[in-house]
Amino acid sequence: MKTDIKSLTLNQLNNEINKLNLPSFRAKQIYNWLHKVGCTTFDQMTNLSKDLRDKLEENYYISYCQIENKYVSKIDGTVKYLFKLNDGEYIESVVMKYKYGYTICVSSQVGCKMGCTFCASTLAGFKRNLTAGEIESQIHAAQNDLGVRISHIVMMGIGEPLDNFDNVILFLNNVNNENGLNISMRNITISTCGIVDKIYDLMNLDLQLTLTISLHAPNNDIRSKTMPVNNKYPIEEVIKACREYARVTGRRVSFEYTLIKGVNDSRENALELCERLKGLLCHVNLIPVNDVKERGNVCSSKADIQKFLNVLKSNSINATIRRTLGSDINASCGQLRYLKKRGDADENCC
């Protein structure tokens, strides 16, 4: 089988070039085409000879994301893409504009196996991990389409990033490389539902990125009912790992907390959350639950959300209410889907 050349780091590509008995400077040339330009075919590498391009074609392939559908929010300009991958599978990604520039929310898996009860991504099950090249290709496809530079990345799309740990680390290595997109680690956020052993592995790499935990509950009872992963990694273990992560890296940990009416939005829930997070270098993002028709969750009222926020602040917990973007195109938190076939898009997207 051919190797996904876009998933190789520069060092790995150097090794491959040596195997082909080619001069080492070719590795950087090819790497630039793949990661800075974002080319999708070897023929686009115009400073390489035809013989070299043919040799690369024989041994490798370039992963890509083909735009199948594009949706633009009439409310805030957020853009959602339905991408088709090399093997015909589909993923979704979202580009958001902020004062500081453009942020992309990328997917890390085709589907999701985590089963959270407020999320659309897991409804159609899990298919496979994305390669590092496929994760990065979402950025190139969006940049080329919009004609902008994307400066920030959030790994909060379809899938659990730490369940695809090795490919995600390769992706981070490549997007951070100065010969590629050259995106600072401090501009990258990884969101996890709490794969505790991988949180420690990430901590040991000390990448200076932002770790975000999808917490969504103050105790094991509520969290296990809404997030099955809690049965394997109880909330106590997750918070313990976060405390260690913050201590070792010096980086503040963020917590996502989706507010669902009558489930996790009471004053008692807020106070319990404060007790959990006491003394931890952290920030809490309160997220009004977004509509997923199959789930039937009801969003907490604005008044209850504000009361919840006030309790956190009065107990010295840094917290904000996340602004909802792209709600009219189903591009908000928890609304991205794994589409099994192209025809699903029309009923499940805009």
Side-chain angles (χ1 to χ4, degrees), residues 1-9 12-13 34-35 38-40 60-69 80-95 103-116 119-145 150 152-177 180-181 183 188-193 195 198 201-202 207 209 212 214 229 331 334-342 344-345:
M1 294 179 64
K2 293 183 180 181
T3 299
D4 175 12
I5 194 170
K6 197 169 182 176
S7 292
L8 301 177
T9 65
Q12 291 171 334
L13 184 56
L34 293 169
H35 300 283
C39 67
T40 55
Y60 309 98
Y61 74 95
I62 303 174
S63 53
Y64 66 86
C65 289
Q66 176 183 315
I67 298 173
E68 283 286 302
N69 274 333
K80 181 173 75 170
Y81 291 101
L82 172 66
F83 287 128
K84 184 178 181 179
L85 306 176
N86 297 59
D87 62 354
E89 293 291 348
Y90 293 93
I91 55 171
E92 291 188 324
S93 308
V94 178
V95 177
T103 293
I104 187 167
C105 176
V106 296
S107 294
S108 56
Q109 296 179 314
V110 180
C112 183
K113 63 180 78 166
M114 297 301 139
C116 300
C119 184
S121 300
T122 192
L123 286 167
F126 172 80
K127 183 68 175 181
R128 65 173 177 84
N129 288 327
L130 294 184
T131 66
E134 288 173 326
I135 302 172
E136 184 179 347
S137 292
Q138 297 168 65
I139 306 172
H140 288 295
Q143 282 192 153
N144 292 338
D145 178 63
I150 291 172
H152 290 66
I153 303 167
V154 291
M155 303 198 74
M156 297 181 180
I158 298 168
E160 163 56 54
L162 296 192
D163 188 47
N164 186 17
F165 190 84
D166 292 341
N167 287 327
V168 165
I169 298 305
L170 287 174
F171 159 74
L172 294 173
N173 184 300
N174 284 331
V175 296
N176 181 239
N177 193 294
L181 288 169
I183 296 176
I188 300 174
T189 297
I190 289 185
S191 177
T192 176
C193 62
I195 312 296
K198 296 303 180 184
D201 289 344
L202 190 65
L207 297 178
L209 48 74
T212 294
S214 294
V229 70
Q335 292 185 316
L336 299 191
R337 292 174 180 264
Y338 157 40
L339 305 172
K340 285 187 174 181
K341 59 182 184 299
R342 169 65 183 80
D344 290 344

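All of these numbers come straight from a predicted model, not from anything done at the bench.
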Quiz item: Is the shortest heavy-atom distance from the side chain of Leu170 to the side chain of Gln12 under 4.5 Å?
Solution: yes
Practice problem: Report yes if some heavy atom in the side chain of Ser107 is under 4.5 Å from a heavy atom in the side chain of Ile135; otherwise report no. | Solution: no
Quiz item: Side chains of Tyr60 and Leu13: does their closest heavy-atom pair fall under 4.5 Å?
Solution: no
Exercise. To the nearest 0.5 Å, tell me how far Leu130 CG sits from Ile158 CD1.
Key: 8.5 Å
Practice problem: Check the pair Asp4, Thr131 against side chain to side chain donor-acceptor pair (under 3.5 Å), reporting the backbone distance first and the verdict last. | Solution: CA-CA 8 Å; Asp4 175 12; Thr131 66; 2.9 Å; yes
Exercise. With the side chain counted from C-beta on, respond yes when Val154 and Thr212 share a heavy-atom pair under 4.5 Å apart, and no when they do not.
Key: no
Quiz item: Which heavy-atom pair separates Gln143 from Ile150 by the least distance, and what is that distance?
Solution: OE1-N, 2.8 Å
Quiz item: Salt-bridged, Glu160 to Lys198, with N to O below 4.0 Å?
Solution: no
Quiz item: What closest approach, in Å, do Tyr90 and Lys84 show between heavy atoms, and which atom pair accounts for it?
Solution: CE2-CB, 3.8 Å
Quiz item: side chain to side chain contact (heavy atoms under 4.5 Å, CB included) between His35 and Asn177: does it pass, once the steps are laid out?
Solution: CA-CA 9 Å; His35 300 283; Asn177 193 294; over 6 Å; no
Exercise. Work out which heavy atom in Val95 is nearest to a heavy atom in Tyr81; give both atom names and the distance.
Key: CG2-CE1, 4.0 Å
Exercise. Report yes if some heavy atom in the side chain of Met114 is under 4.5 Å from a heavy atom in the side chain of Gln109; otherwise report no.
Key: no
Quiz item: Got a donor-acceptor contact below 3.5 angstrom from the Glu92 side chain to the Lys80 backbone?
Solution: no
Exercise. Please lay out, stage by stage, how Ile169 and Leu202 fare under the test side chain to side chain contact (heavy atoms under 4.5 Å, CB included).
Key: CA-CA 9 Å; Ile169 298 305; Leu202 190 65; 4.1 Å; yes
Quiz item: Roughly how far, to the nearest 0.5 Å, is CG of Asp201 from CD1 of Ile195?
Solution: 11.5 Å
